[in-house]
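Take a look at the structure below.
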Amino acid sequence: MKQELSALLQQAVEAAFAAGHLRPTGLPPVELETPKIATHGDFSTNVAMTMAASQKRAPQEIAGIILDHIEDPDHLLSKTEVAGPGFINFFIAREKWYEVLKAVHKKDTAYGTSQVGLGKRIQIEFVSANPTGPLHVGHGRCAAVGDTLAAILKAVGYEVEKEYYVNDSGRQIYTLGRSVFLRYCQLLGNTIDFPADCYQGEYIQDLARMLIDREGERLLDMPEEEAVMICAKFAADEILAGIRQDLETFGVSLDQWFSEQSLYDSGAVEAVIQDLKSQDIIYEHDGALWFRTTDFGDEKDRVVVRANGTTTYFAPDIAYHKDKFERKFDCIINIWGADHHGYVPRISASIQAMGYDKAQCRIVLVQLVNLLRGGKPVAMSTRAGEFVTLKEVVDEVGRDAARFLFLWRHHESPLDFDLELAKQQSNENPVYYVQYVHARISNILRKAAERGYKEIDWHDDFHEILTLPEEIQLIKLMSRYPEVVALSARLMEPHRVPFYLKELAAAFHAYYHDRNKHKVVSDDAKLSAARLYLVSAIRIIIRNGLTLMGVSAPDIM
RNA sequence: GCGCCUGUAGCUCAGCUGGAUAGAGCAACGGACUUCUAAUCCGUAGGUCGCAGGUUCGAAUCCUGCCAGGCGUACCA
């Protein structure tokens, strides 16, 4: 609908140029918007105003000229007008809206998809939590945002690969091994003062117990270094398996698990350091190796290899991003917790230093989650190892509610997640509000089938039947769904999908509720058929939208 | 100190990257269940869009400076 009109409009401007009625200044970007107020039409454009300066004429006058050149052989438009400071308002002919309804049914699960990303490959990396502890709620938000964004990008045609970067190397893994080893020793009767810089959580002791079951006491007889390494390997594997399981339960599946250690094993880390050193991008100072990130906009240079010879986390990350670029994606997306934002200039610098286009790497920062229960903050302290895990949240409120609510905010806004509210079955909880539409319509379809109305097909006489303003309004709302998906892909803002669904759900609930006026299944066979066609289209969109979000669309609630 | 994010109704937040009269939900108040599921709906009320300037036909949106909150600012991850 919008595209068709956009084409008409563009042709009109070109025709005006050709006829010499407007100075051929080159085509301005033609933006069509849906006005907030119904009396301003179905679509409006401000081209006349944006052209005013270059045309050196009044916007109203330009608008008139453009309208004079509009050709509308298919009678898409019922009315046009110049309004206000120079807007052109377009009113779509009522009959044309039924095309939307037909398209929804015809495309079905594909309604909302588009082709803008066709032929392009995107890699999206998210969660990537260290395998030193279970996933917590913050990771859950990143997982929901990343997974949904991936689905949205797929819907607009991109080939998408989802990846998890596993930090299975370095100091934090060593600390993990040491933590487990010390608990292991404690459990076997040794008195040990458990250090503050070790992982404090209860899960460390669980791992130590598992290790005792598996290995007995034999680690006590080994050199400590060796024992710690065994503990580290064991613990990281166990924790990673748990992370995979938690993500699986959460409905998130990754295409690729990329090991940090593999970058060391293949020599990639060493190679990229040597390469950058030979270009004097990495230099030596105070016994350490530094990256000249300040040459690329960072506020200070960063250490890559410490004076003691060990690498910082930055070193493998450089190699990792090089690897990503070498895999020839058109775009790579990193989804990080906002607490990592200080790291952005560094990565950006390293990408530029290696000669890649930094615009091809997009970093999405997801703000933190404040966990509440009944409006009161749930105490969490990572240091003391007291945090609420993603698993606990999903177990308590369910996958659907958790995923929906994690997406219920712009990702750059901090999110209050209330456990009580997430379980509540009321208007306050948008999850059930939206799902309820699907269940209601499913129920209508069941009732209809019982009454013998089994076919959901288009008939041309629906033009004369679905004529109520609120019915046309619903169809107009449905026509916007593909734009919502496309916009949310372009801006990488998945929250637009649940917001749209909420709007569509509200419109449906209102329509449904006036049951004297809008009864779908009635004795009037033609009316029933038409309305079944209408509401089942709504059901399709609700289901498609929820599917993008990884939320189920139940038939009964 | 510097950097990033946020500041919109009493509360929680949208606002289509500059448009016409700023929108939802909750809370408050008043209504609607003989029904295709009330996990719902209808109505009323609620605003100097943090503050002050600037840019232009037009600003919640862009620019500058303040104010407040969060996060970051390591040879930690």
Side-chain angles (χ1 to χ4, degrees), chain A residues 31 33-37 39-40 44-46 49-50 52-53 58-59 83-87 89 129-130 132 167 170-173 175 197 285-290 298-300 302-314 337-345 365 367-368 370 375 408-410 412-416 418 421 424-433 435-437 439-448 450-451 480 483-484 487-488 490-491 493 495-496 499-500 502-503 505-506 508-516 518-522 528 531-532 535 556-557:
Chain A
E31 298 270 333
E33 56 170 37
T34 52
K36 286 175 222 161
I37 301 159
T39 55
H40 291 153
S44 76
T45 182
N46 61 356
M49 287 182 280
T50 57
F87 290 101
N89 296 338
N130 291 344
T132 54
N167 291 95
R171 185 189 285 187
Q172 77 282 357
I173 292 293
T175 304
D197 64 346
H285 176 71
D286 286 348
L289 290 181
W290 296 71
D298 200 2
E299 23 179 62
K300 56 169 288 199
R302 308 292 175 174
V303 170
V304 179
V305 181
R306 299 185 189 95
N308 68 11
T310 60
T311 48
T312 62
Y313 54 93
F314 185 33
D339 52 338
H340 286 67
H341 78 255
Y343 198 57
V344 175
L365 297 172
Q367 284 290 335
L368 308 179
N370 299 314
W408 189 236
R409 290 282 173 270
H410 188 113
E412 281 178 358
S413 294
L415 168 71
D416 286 340
D418 196 307
L421 196 141
Q424 214 167 304
Q425 297 175 346
S426 73
N427 219 339
E428 256 181 286
N429 192 339
V431 190
Y432 301 116
Y433 187 88
Q435 285 184 320
Y436 194 41
V437 171
R440 270 186 157 169
I441 298 173
S442 298
N443 196 48
I444 292 173
L445 295 176
R446 277 192 296 275
K447 287 278 173 224
E450 284 169 20
R451 297 273 299 264
R480 276 181 34 212
E483 294 161 34
V484 169
L487 187 69
S488 114
R490 185 160 60 81
L491 301 179
E493 295 180 345
H495 74 284
R496 291 174 185 279
F499 272 89
Y500 167 82
K502 174 83 196 283
E503 199 181 340
F508 171 76
H509 282 312
Y511 177 78
Y512 172 91
H513 207 273
D514 199 345
R515 49 183 87 85
N516 296 324
H518 307 132
K519 185 110 174 161
V520 175
V521 182
S522 66
S528 300
R531 286 185 173 164
L532 282 168
V535 299
I556 298 174
M557 286 174 77

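Every heavy atom of this structure was used, including side-chain atoms; hydrogens, water molecules and symmetry mates were not. Below, read A as the first sequence line, B as the second, and so on, with proteins coming before strands; counting in each chain starts at 1.
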Taking atom CZ of A:Arg440 and atom CZ of A:Phe508, what is their separation to the nearest 0.5 Å?
-> 6.5 Å
If each of A:Trp408 and A:Leu491 is mapped to the nucleotide of RNA chain B with the nearest heavy atom, which maps nearer the 5' terminus, i.e. the 5' end?
-> A:Trp408
Could you verify whether a donor N or O on one side chain and an acceptor N or O on the other, from A:Tyr343 and A:Arg302, lie under 3.5 Å apart?
-> no
Identify whether any heavy atom of A:Lys519 sits under 4.0 Å from a base atom; if not, whether one sits that close to sugar-phosphate; answer base, sugar-phosphate or nothing.
-> base
Between A:Pro430 and A:Lys502, the two heavy atoms sitting closest are CB-CD, 4.3 Å
Aromatic ring pairing A:His518/A:Tyr511, orientation class (parallel under 30°, perpendicular over 60°, tilted between) | parallel
Rounded distance (Å) that lies between atom C1' of B:G23 and atom NZ of A:Lys502 | 12 Å
Over how many whole Å does the gap from A:Arg496 atom CZ to B:A24 atom P extend?
-> 18 Å
The side chain of A:Val520 lies closest to which of these nucleotides: B:U12, B:C36, B:G15?
-> B:C36
Identify all pairs in which a protein N or O lies below 3.5 Å from an N or O of nucleotides 38-43 of chain B, and state each distance.
{"residue": "B:A38", "atom": "OP1", "partner": "A:Arg515", "partner atom": "NH2", "Å": "3.3"}
{"residue": "B:A38", "atom": "OP2", "partner": "A:Arg440", "partner atom": "NH2", "Å": "2.5"}
{"residue": "B:A39", "atom": "O4'", "partner": "A:Gln425", "partner atom": "O", "Å": "3.3"}
{"residue": "B:A39", "atom": "N1", "partner": "A:Gln425", "partner atom": "NE2", "Å": "3.4"}
{"residue": "B:U40", "atom": "OP1", "partner": "A:Asn427", "partner atom": "N", "Å": "3.3"}
{"residue": "B:U40", "atom": "OP2", "partner": "A:Asn427", "partner atom": "N", "Å": "3.2"}
{"residue": "B:U40", "atom": "O2'", "partner": "A:Arg440", "partner atom": "NH1", "Å": "3.3"}
{"residue": "B:U40", "atom": "O2", "partner": "A:His513", "partner atom": "NE2", "Å": "2.7"}
{"residue": "B:C41", "atom": "OP1", "partner": "A:Tyr433", "partner atom": "OH", "Å": "2.3"}
{"residue": "B:C41", "atom": "OP2", "partner": "A:Asn427", "partner atom": "ND2", "Å": "3.0"}

Please state whether the base of B:A20 and the side chain of A:Asn46 form at least one donor-acceptor pair under 3.5 Å?
-> no
Contact nearer the 5' end of RNA chain B, comparing A:Leu365 with A:Pro35 | A:Leu365
At under 4.0 Å, does any side-chain N or O of A:Lys36 touch on OP1 or OP2 of B:G15?
-> no
Under 4.0 Å between a side-chain N/O of A:His495 and OP1 or OP2 of B:G15, yes or no?
-> yes
From A:Ile173 atom CD1 to A:Asn130 atom CG, the distance as rounded to the nearest 0.5 Å = 7.0 Å
How would RNA chain B look in dot-bracket form, 5' to 3', counting Watson-Crick and G-U wobble pairs with both distances under 3.5 Å and writing | for bases paired to another strand?
-> (((((((..((((.....[...)))).(((((.......))))).....(((((..]....))))))))))))....
When we call it a touch if two heavy atoms are under 4.0 Å apart, what does A:Arg451 touch: a base, just sugar-phosphate, or nothing?
-> nothing
Aro-ring/base stack A:Phe87-B:G19, d under 5.5 Å, angle under 30° = no
Select base, sugar-phosphate, or nothing to describe what A:Asn89 touches, counting heavy atoms under 4.0 Å on all strands.
-> base
Would you mind reading off the distance between A:Phe508 atom CZ and B:C36 atom P, rounded to a whole angstrom?
-> 14 Å
Indicate whether OP1 or OP2 belonging to B:G7 is found under 4.0 Å from a side-chain N or O atom of A:Ser413.
-> no
What nucleic acid atoms does A:Ser44 come within less than 4.0 Å of, heavy atoms only: base, sugar-phosphate, or nothing?
-> base
Nearest-Å distance, CD (A:Glu33) to C1' (B:G18)?
-> 10 Å
Touch class at under 4.0 angstrom, heavy-atom based, for A:Thr34 against every strand present | base
Pick base, sugar-phosphate or nothing for A:Ala83, based on heavy-atom distances below 4.0 Å to the nucleic acid.
-> base
For atom CZ of A:Arg409 and atom P of B:A24, their distance in whole Å | 17 Å
Counting N and O atoms only, with roles assigned by atom type, does the side chain of A:His509 sit under 3.5 Å from a partner on the main chain of A:Ala506, one being a donor and the other an acceptor?
-> no
Checking A:Asn429 side chain against A:Leu421 main chain: does a donor-acceptor pair fall under 3.5 Å?
-> yes
How close or far is atom P of B:C16 from atom CZ of A:Phe499, stated in whole angstroms?
-> 12 Å
Which value, in whole Å, describes the distance between the C1' atoms of nucleotides B:G7 and B:C66?
-> 14 Å
Between B:G15 (C1') and A:Glu483 (CD): distance, integer Å = 16 Å
Rounded distance [0.5 Å steps], CZ in A:Arg409 versus CG in A:Asp416 = 7.5 Å
note: A:Glu493, atom CD; B:U6, atom P; distance rounded to Å ~ 10 Å
Looking only at heavy atoms, what is the nearest atom pair of A:Asp286 and A:Ala307, with distance?
-> O-CB, 3.9 Å
Remember a base hit wins even if backbone is also touched, and classify A:Ala52 as base, sugar-phosphate or nothing at under 4.0 Å, heavy atoms.
-> nothing
Pairwise distance NE2(A:His341) to CD(A:Gln367) - rounded to 0.5 angstrom | 8.5 Å
Using modelled atom types only, decide if a donor and an acceptor are shared between the side chain of A:Thr175 and the backbone of A:Arg171 within a distance under 3.5 Å.
-> yes
Protein heavy-atom contacts under 4.0 Å, written 5' to 3' over nucleotides 69-77 of chain B as B (base), S (sugar-phosphate only) or - (none), form the string --BSS-BSB
For A:Met49 against A:Pro59, the heavy-atom pair lying closest together | CG-CB, 3.8 Å
Using the aromatic ring of A:His40 (for Trp, its six-membered ring), decide whether it stacks on the base of B:A20 within the limits of 5.5 Å and 30°.
-> yes
Taking the P atom of each, how far is B:G15 from B:G31, in whole Å?
-> 36 Å
Starting at CZ of A:Arg496, measure out to CD of A:Glu503 and round the result to the nearest 0.5 Å.
-> 12.0 Å
